[in-house]
Trainee: 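I have a structure I would like to understand better, so I am pasting it below and will then ask my questions one at a time.
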Amino acid sequence: MRPRPRGTVTRGTTNPNRLRRLDRWLAATAASRLRAATDPLVVDLGYGATPVTTLEWYRRLRRVRPDVRIVGLEIDPARVAAASELAVDGRVEFALGGFELAGLRPVLVRAANVLRQYPETEVPQAWQLLRQALAPGGLIVDATCDELGRVATWISLDASGPTTLTLAASLPYLESPAILAERLPKALIHHNVPGQRIHTLVAALDAAWRDAAPARVFGPRDRWRRTLDTLAATGWPVAEPPARRRDGTLTLPWHLVTPEPSAP
Ligand SMILES: C[S@@+](CC[C@H](N)C(=O)[O-])C[C@H]1O[C@@H](n2cnc3c(N)ncnc32)[C@H](O)[C@@H]1O
């Protein structure tokens, strides 16, 4: 018998291609996990009113692991029924499920714009349920983005807990990285206040971006690279290797942004 779906139905807003930055990052960062998986099963949790981003993710992951299987899980039965006609013979299917992942043991879980609609107090338990359901060596991303996916942030977690935070932006549209603070995952968004680590990071990123303003003439990608180089030179352990510092992402270890319990 399938376990009871854990969670609550929320707004189903979605948009084609809005998760492209996350998918690109996952294809690069999680490729080895997916290639090594005995069972190449991944879950798209909370795909929304239509499963357009699930089908996009399938096409992207298929390049990494041709036999990948995706299950789109939704807690809203009407959304499961509506999506089922878009299933792809044995490769993409849609089912009812929540944070318990419907008894599945996936190697990757993408939960995009799901937890942002929950109270912050419910995040730890949701993370715990997801982590318990992961296949060995698996990875979860708890992501948020704006309507068109020009600004996105995500936390990655493995079985032991959160491991990294990634900030991502469409560079031609980026005036100031401070805008990323408006799209932080629920675990961080209420902690962007002085005295908290995430606030220190956003301020340092913004200052480095301003310092790189003279590089505007070389284009926004070069300006982002210089921004990351400045952060790295001032001690931030930027995960992006120098060759990938023009892509508009910044990934840092979770412990550098963990909310301080005693601070507001
Ligand atoms: C805003 S939509 C996100 C759609 C898509 N992931 C995206 O980012 O474009 C959030 C969806 O998550 C679903 N949802 C909320 N809590 C859930 C849970 N615990 N398990 C599965 N789905 C959930 C909601 O029903 C809703 O359809």
Side-chain angles (χ1 to χ4, degrees), residues 19-37 42 57 60-61 64 107-112 127 130-131 134 137-145 149-171 174 176-181 183-189 191-192 196-209 211-212 215 220-260:
L19 302 181
R20 62 197 176 282
R21 283 167 221 295
L22 169 59
D23 290 356
R24 208 181 299 143
W25 184 90
L26 270 175
T29 312
S32 55
R33 292 173 200 261
L34 186 57
R35 288 203 186 98
V42 309
W57 197 30
R60 288 167 183 147
L61 287 181
V64 178
V107 65
L108 286 181
V109 179
R110 187 184 74 171
W127 281 359
L130 293 170
R131 284 165 38 212
L134 264 189
L139 188 82
I140 301 155
V141 283
D142 167 3
T144 68
C145 68
R150 289 180 179 164
V151 175
T153 67
W154 54 88
I155 297 166
S156 65
L157 305 98
D158 62 19
S160 62
T163 57
T164 59
L165 170 72
T166 300
L167 307 177
S170 168
L171 298 177
L174 187 66
S176 154
I179 190 82
L180 286 153
R183 295 287 165 177
L184 287 169
K186 183 54 69 125
L188 290 174
I189 193 160
H191 299 278
N192 186 33
Q196 288 281 2
R197 297 184 181 98
I198 184 63
H199 189 267
T200 306
L201 168 63
V202 172
L205 176 61
D206 209 41
W209 175 258
D211 287 350
R221 284 161 60 80
D222 192 70
R223 186 174 176 185
W224 186 261
R225 177 187 63 75
R226 288 169 196 245
T227 301
L228 265 53
D229 287 350
T230 300
L231 288 178
T234 51
W236 292 91
V238 174
E240 280 74 9
R244 281 196 20 231
R245 289 195 184 160
R246 298 163 57 90
D247 294 350
T249 65
L250 166 63
T251 302
L252 289 164
W254 173 253
H255 71 85
L256 291 181
V257 294
T258 314
E260 195 65 64

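For reference, positions follow the sequence shown, starting with 1.
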Trainee: With rounding to the nearest 0.5 angstrom, report the CD1 to CZ distance, Ile140 to Arg110.
Mentor: 14.5 Å
Trainee: If I compare all heavy atoms of Pro259 with all of Ala187, which pair ends up nearest, and what's the gap?
Mentor: CG-O, 3.5 Å
Trainee: To the closest 0.5 Å, what do you measure between OG1 (Thr164) and CD1 (Ile155)?
Mentor: 9.0 Å
Trainee: Drop me the distance from Leu250's CG to Arg245's CZ, to the nearest 0.5 angstrom.
Mentor: 9.5 Å
Trainee: Any heavy-atom pair between the side chains of Leu22 and Val141 that's under 4.5 Å?
Mentor: yes
Trainee: Using modelled atom types and a 3.5 Å cut-off, is there a donor and acceptor pairing between side-chain atoms of Arg221 and backbone atoms of Arg246?
Mentor: yes
Trainee: Determine whether a donor-acceptor pair (N or O, by modelled atom type, separation under 3.5 Å) exists between the side chain of Arg33 and the backbone of Val107.
Mentor: no
Trainee: Can you name the nearest heavy-atom pair linking Thr144 to Pro185, along with the distance?
Mentor: CG2-CA, 3.8 Å
Trainee: Hey, are the side chains of Leu134 and Val109 touching, using non-hydrogen atoms and a 4.5 Å cut-off?
Mentor: yes
Trainee: Below 4.5 Å, heavy atoms only, C-beta onward: do Thr251 and Trp154 meet side chain to side chain?
Mentor: no
Trainee: Would you say the side chain of Trp25 lies within less than 4.5 Å of the side chain of Glu240, judging by non-hydrogen atoms?
Mentor: yes
Trainee: I'd like to know if Asp222 and Arg225 make a salt bridge, using a cut-off of under 4.0 Å between side-chain N and carboxylate O.
Mentor: yes
Trainee: At their closest point, which heavy atom of Val202 faces which heavy atom of Ala181, and how far apart are they?
Mentor: CG1-CB, 4.4 Å
Trainee: Does the side chain of Pro177 reach to within under 4.5 Å of the side chain of Thr227, using non-hydrogen atoms?
Mentor: no
Trainee: When rounded to the nearest 0.5 angstrom, what is the spacing between SG in Cys145 and CZ in Arg20?
Mentor: 8.5 Å
Trainee: How many angstroms lie between CG in Leu174 and CH2 in Trp209, if you round to the nearest 0.5 Å?
Mentor: 4.5 Å
Trainee: Mind listing the closest non-hydrogen atom pair of Ala168 and Arg21 along with its distance?
Mentor: CB-CD, 4.2 Å
Trainee: Over all heavy atoms of both residues, which pair between Leu167 and Leu180 is shortest? Give the atoms and the distance, please.
Mentor: CB-CD1, 4.0 Å
Trainee: Taking the side chain as everything from C-beta on, heavy atoms only, tell me whether Trp57 gets closer than 4.5 Å to Val42.
Mentor: yes
Trainee: What closest approach, in Å, do Ile198 and His191 show between heavy atoms, and which atom pair accounts for it?
Mentor: CG2-O, 3.3 Å
Trainee: Nearest 0.5 Å, please: how far is CG in Leu26 from CG in Leu61?
Mentor: 7.5 Å
Trainee: Is the shortest distance from a Lys or Arg side-chain nitrogen in Asp142 or Lys186 to a carboxylate oxygen in the other one below 4.0 Å?
Mentor: no
Trainee: Are the side chains of Leu201 and Leu165 in contact, using a 4.5 Å heavy-atom criterion?
Mentor: yes
